[in-house]
Amino acid sequence: FSANGAPMGAPTLMAAELTAPELLAGPRIGVPPSVGLDAAGNAVVTWVDGAPSGTSIKARRIKPSGAAAGPAFTVSSQAVQGASNPVVSVAPTGDFAIVYESRHMTGPQTSSGTDIHLRRYAASGQALDAGQPLSDSIGVSPPTLALAANGQAVVAWTGTTAPYCCASPTLQFQLVGADGARIGPNTQAVAGSTSNPVVASDANGNFVLVWTRGGAMGVLEGRLFAGH
């Protein structure tokens, strides 16, 4: 679509163009994909690969013309199990980051919680790191991500540091600098049980978090934070 909302061409069947046919039959193909766009119109799409050997996170870069800018590549580490719910954020420069979750494999939350992972890329598609886990808590909702023009990323999720059965999840976030290093520890954004977080940031790294409280019949809340 153009800036005024007018369609620019006919709809495109992205799944057929971006994945091999066998991926469409995978056990996790129903997990929503994610897409981000830079200032020049280059896009990055990420999705779950439901191969028989297990799930992994895939991504592919797309030119402004709609043609692929290279083959699909794997985002998640081979050591990660149960990778799911990827989210991509693309900076105006074309650099991008992808956050996803995986099953928490230690402790009493093994079968019920998830860890949050982040991996960063240059606009060329070259990985800037091998990926890193961000969550000190056990996640209980899909993560959300925003990447600022200055390279600072903010990742948010709902999670708990107590046994999953015994505590309500709270909204957590983690700042990551342009160099890929964590900026401080996981931070609780607000007290009380929350769900469905979404984050957006400006060019300087200032960001807004919005979330729901109280379940399906709850209220929508939000809070503005200063960047680092």
Side-chain angles (χ1 to χ4, degrees), residues 14-20 22-38 42-62 68-91 94-105 113-135 137-148 151 153-159 172-176 180 195-201 207 209 211:
M14 299 295 287
E17 295 184 3
L18 297 182
T19 63
E22 62 268 25
L23 301 186
L24 299 180
R28 298 299 298 276
I29 198 65
V31 175
S34 177
V35 62
L37 197 68
D38 70 12
N42 299 290
V44 179
V45 181
T46 184
W47 68 95
V48 175
D49 175 355
S53 59
T55 59
S56 62
I57 305 303
K58 300 284 189 177
R60 198 169 193 180
R61 298 181 300 121
I62 306 299
F73 54 92
T74 301
V75 176
S76 53
S77 165
Q78 294 294 330
V80 170
Q81 299 191 36
S84 187
N85 294 315
V87 176
V88 63
S89 183
V90 183
D95 294 343
F96 60 98
I98 296 175
V99 66
Y100 60 95
E101 62 181 3
S102 66
R103 286 197 303 271
H104 186 77
M105 299 306 295
T114 59
D115 293 321
I116 309 299
H117 299 259
L118 176 72
R119 194 167 190 186
R120 303 176 308 117
Y121 293 84
S124 64
Q126 179 180 358
L128 298 177
D129 55 43
Q132 61 173 315
L134 292 183
S135 52
S137 60
I138 306 303
V140 293
S141 77
T144 180
L145 165 69
L147 183 65
V154 56
V155 179
W157 65 94
T158 56
Q172 313 279 327
F173 69 83
Q174 176 66 56
L175 296 178
V176 178
S195 60
N196 305 313
V198 179
V199 65
S201 67
F207 61 96
L209 271 171
W211 61 89

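Please read all numbers here as calculations on a predicted model, not as lab measurements.
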Can you find a pair of side-chain heavy atoms, one from [X] and one from [Y], that are under 4.5 Å apart?
X    : Y    : value
S56  : S76  : yes
Q132 : V176 : yes
F96  : R61  : yes
K58  : T74  : yes
Y121 : V75  : yes

Subject >> Test item: T55 side-chain N/O and A83 main-chain N/O as donor-acceptor pair under 3.5 Å >> reply: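 Yes, because the side chain of T55 sits within donor-acceptor range (under 3.5 Å) of the backbone of A83.
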
Original post:
So, does D95 use its side chain to make a donor-acceptor pair with the main chain of A123 at under 3.5 Å?
Top reply: yes

Check [X] against [Y] and note the closest heavy-atom contact, atom names and distance.
X    : Y    : result
V199 : A146 : CG1-N, 3.7 Å
P142 : N85  : CG-ND2, 3.7 Å
R60  : A72  : NE-N, 3.7 Å
L128 : A122 : CG-N, 3.6 Å
W211 : S195 : CB-O, 3.5 Å
A68  : I62  : CA-CD1, 4.0 Å

Subject >> The single option from L145, L147, I98 passing side-chain contact (heavy atoms from CB on, under 4.5 Å) against V88 >> reply: I98

Original post:
Under the criterion side-chain contact (heavy atoms from CB on, under 4.5 Å), which of V99, I57, V45 is the partner of P86?
Top reply: I57

Subject >> Donor on one side chain, acceptor on other, S102 and H117, under 3.5 Å >> reply: yes

**OP:** Rounded to the nearest 0.5 Å, what's the gap from CG on L118 to CD on Q174? Could you check?
**Re:**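 One finds 9.5 Å between CG of L118 and CD of Q174.
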
Original post:
So F173 and F207, would you call those rings parallel, tilted or perpendicular, with 30° and 60° as cut-offs?
Top reply: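 Plane angle over 60°, so perpendicular.
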
